[in-house]
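Here is the naming used below: chain letters follow the sequence lines, and residue numbers restart at 1 for every chain. Worth knowing before you read on, the calculation uses all heavy atoms, side chains too, and leaves out hydrogens, waters and symmetry mates.
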Number of protein chains: 2
Amino acid sequence: MPGTPSFDDERFTQFGMLVEGYQQVVRALEDTLKSDCDLSMPWFEVLLRLGRSPEYTLMMSELAAQLGVTSGAVTRLIDRISAAGYVSRQACDEDRRVQWAKLTPAGIAKLEQAAAVHLSDLDREYFGRLSDREVSAVSKAMDELRQPLGTGL
Amino acid sequence: MPGTPSFDDERFTQFGMLVEGYQQVVRALEDTLKSDCDLSMPWFEVLLRLGRSPEYTLMMSELAAQLGVTSGAVTRLIDRISAAGYVSRQACDEDRRVQWAKLTPAGIAKLEQAAAVHLSDLDREYFGRLSDREVSAVSKAMDELRQPLGTGL
DNA sequence: GATCAATGGTTGATGTGTCAAAGATTTAGT
DNA sequence: ACTAAATCTTTGACACATCAACCATTGATC
């Protein structure tokens with residue numbers, strides 16, 4: 001009977017569970033990061049990636065790869081973050097196509113504060129709400145989903 | 001030693017697993033939905049919610065609630081989708097503040113096609129890559145995260 | 001029944017993302 | 001060495017989200 005198509009298929013619901021739970025947690029994390037540190041999640045991610053890199057420095061394209069976004073997105077993100085004084089751009093002498101993004105001292109200070117805040121947010125919103133077993137199960141499943149299909153064809 | 005702050009805390013990594021796995025799957029789903037049906041995920045979500053509703057119809061604000069976005073977002077989304085002919089707006093006589101969004105026949109047809117495509121995408125990108133046990137574990141965990149904190153204070 | 005708060009929707013400003021095109025520079029191939 | 005391909009970044013056009021302000025309308029209070 002094609003009169004009632006499969007708009008209520010259980011798989012939609014099941015996957016919707018993942019989507020809603022994920023979005024709920026991410027939204028809560030974004031809210032507290034915003035109110036406590038005045039940082040959006042993309043800004044925090046940039047600071048964190050740079051904070052983990054030697055010299056607090058990354059190429060624009062490497063930053064894009066780590067963030068999982070296009071280089072165009074990073075160009076504008078760094079425009080805004082550098083206007084706020086947390087990062088600076090600098091040219092590369094060996095390859096004059098590349099631009100380095102580097103944390104400023106203000107950026108390092110901001111990251112130190114924000115990382116602590118974010119860790120406690122993570123504890124409250126994620127780790128504190130699941131058992132260790134659940135966290136492991138989720139991590140393992142997501143790790144399996146992480147690499148795209150067809151890499152070994 | 002404050003020289004090396006906790007930018008590499010394991011919790012960042014663990015949660016990053018969830019973020020990356022989730023984004024990977026969602027991106028794959030969006031790509032195939034786009035290439036096979038020429039629908040973005042927000043458009044598909046709108047069609048699906050309307051397709052499940054009596055008369056294929058919902059108030060703007062109810063649609064916003066189901067999608068988990070603001071009413072402003074829905075206003076513009078329906079602007080675009082109705083320009084494509086998949087939904088129509090219609091005024092409400094009982095309460096002249098409300099606008100109904102209703103699937104057109106073209107919208108119903110599109111949804112029927114897209115729902116089938118999306119279900120098979122879901123099988124390939126999500127259900128096919130995890131065991132039943134893993135899917136259950138993820139769904140259970142995400143369901144627990146779904147309701148915001150502080151609802152029972 | 002006049003006022004005032006709550007509700008439903010739209011709009012303007014802005015942040016964040018995409019894609020595709022363009023620019024500059026480097027690397028490879030003959 | 002010179003042309004051609006690949007790489008890095010930026011830019012323009014646009015999709016999609018937020019917030020805050022605003023307008024209309026409804027409902028509740030006095």
Side-chain angles (χ1 to χ4, degrees), chain A residues 19 22-24 26-35 37-47 49 57-84 86-102, chain B residues 19 22-24 26-35 38-47 57-84 86-102:
Chain A
V19 172
Y22 176 84
Q23 288 178 349
Q24 183 68 46
V26 167
R27 186 166 309 225
L29 292 170
E30 281 173 338
D31 287 349
T32 53
L33 200 56
K34 191 63 178 179
S35 57
C37 305
D38 198 37
L39 282 182
S40 69
M41 195 58 84
W43 287 39
F44 176 72
E45 290 281 347
V46 166
L47 268 41
R49 301 296 180 162
T57 297
L58 282 176
M59 280 174 49
M60 301 294 276
S61 55
E62 175 57 26
L63 189 48
Q66 290 195 17
L67 298 174
V69 300
T70 62
S71 58
V74 171
T75 292
R76 288 181 243 258
L77 202 40
I78 294 298
D79 283 347
R80 291 186 296 265
I81 303 178
S82 69
Y86 296 141
V87 305
S88 64
R89 272 193 177 87
Q90 34 197 97
C92 170
D93 291 330
E94 294 83 52
D95 185 336
R96 279 182 303 176
R97 290 169 303 182
V98 347
Q99 289 280 321
W100 300 106
K102 178 175 167 103
Chain B
V19 172
Y22 176 84
Q23 288 178 350
Q24 183 67 46
V26 167
R27 187 164 310 224
L29 293 170
E30 281 173 339
D31 287 350
T32 53
L33 201 56
K34 190 64 179 179
S35 57
D38 198 39
L39 281 183
S40 69
M41 196 58 83
W43 286 39
F44 176 71
E45 290 281 349
V46 166
L47 267 42
T57 297
L58 283 175
M59 281 176 46
M60 300 296 275
S61 56
E62 176 57 26
L63 189 48
Q66 290 194 16
L67 297 173
V69 300
T70 61
S71 59
V74 170
T75 293
R76 288 169 175 114
L77 202 41
I78 294 297
D79 284 346
R80 291 186 294 266
I81 302 177
S82 70
Y86 296 142
V87 305
S88 64
R89 273 193 175 86
Q90 36 198 95
C92 171
D93 291 330
E94 294 82 53
D95 184 339
R96 278 181 305 176
R97 291 169 302 180
V98 347
Q99 288 281 319
W100 301 106
K102 178 175 168 106

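A:D38 CG to A:L33 CG: the interatomic distance, rounded to the nearest 0.5 Å, is 9.5 Å. Within the model, atoms CG of B:D79 and CZ of B:R76 stand 8.0 Å from one another, a figure rounded to the nearest 0.5 Å. Note that the CD atom of A:Q99 and the SG atom of A:C92 stand 9.0 Å from one another [nearest 0.5 Å]. Taken from CZ in B:R27 to OG1 in B:T32, the straight-line distance is 13.0 Å, to the nearest 0.5 Å.
Summarising the geometry, the separation between CG on A:L58 and C1' on D:dT9 is reported as 15 Å, rounded to the nearest angstrom. Computed from coordinates, the A:L77 CG to D:dT9 C1' distance equals 15 Å when rounded to whole Å. Nucleotide C:dT18 holds its C1' atom 14 Å from the CD atom of B:Q23, rounded to whole Å. The separation between A:R27 atom CZ and D:dC19 atom C1' is 13 Å, rounded to whole Å. The interatomic distance linking A:D93 (CG) with C:dT25 (C1') rounds to 14 Å, in whole Å. Atom CE of B:M41 is separated from atom P of D:dC16 by 12 Å (rounded to the nearest Å). Atom CZ of A:F44 is separated from atom P of C:dT16 by 15 Å (rounded to the nearest Å). Between the CD1 atom of B:I78 and the P atom of C:dT11 there is a distance of 14 Å, rounded to whole Å.
Checking B:L58, B:V46, B:I81, B:L63 one by one against B:V74, the side chain to side chain contact (heavy atoms under 4.5 Å, CB included) holds for a single residue, B:L63.
The side chain of B:T70 places an N or O atom within less than 4.0 Å of a non-bridging phosphate oxygen (OP1 or OP2) of D:dT18. One finds a side-chain N or O of A:R89 lying less than 4.0 angstrom from the OP1 or OP2 phosphate oxygen of D:dT10.
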Please produce a list of atom pairs where a protein N or O lies less than 3.5 Å from an N or O of nucleotides 3-8 of chain D.
from, atom 1, to, atom 2, distance (Å)
D:dT7, O2, A:R97, NH1, 2.7

Using the 3.5 Å cut-off, write out each protein N or O paired with an N or O of nucleotides 12-15 of chain C and the distance between them.
from, atom 1, to, atom 2, distance (Å)
C:dG12, N7, B:R76, NH2, 2.5
C:dG12, O6, B:R76, NH1, 3.1
C:dG12, O6, B:R76, NH2, 3.3

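For B:E62, the side-chain hydrogen bond (donor to acceptor under 3.5 Å, both in side chains) partners two or more places apart in sequence, or in a different chain, are B:Q66.
Under 4.0 Å is where a charged nitrogen must lie from a carboxylate oxygen, and between A:K34 and A:E30 no such pair does.
The two residues A:R89 and A:T75 come nearest to each other via the heavy atoms NH2-O, 3.1 Å.
In this structure, B:W43 and B:Y86 have perpendicular ring planes: the angle between them is above 60°, well past the 30° mark.
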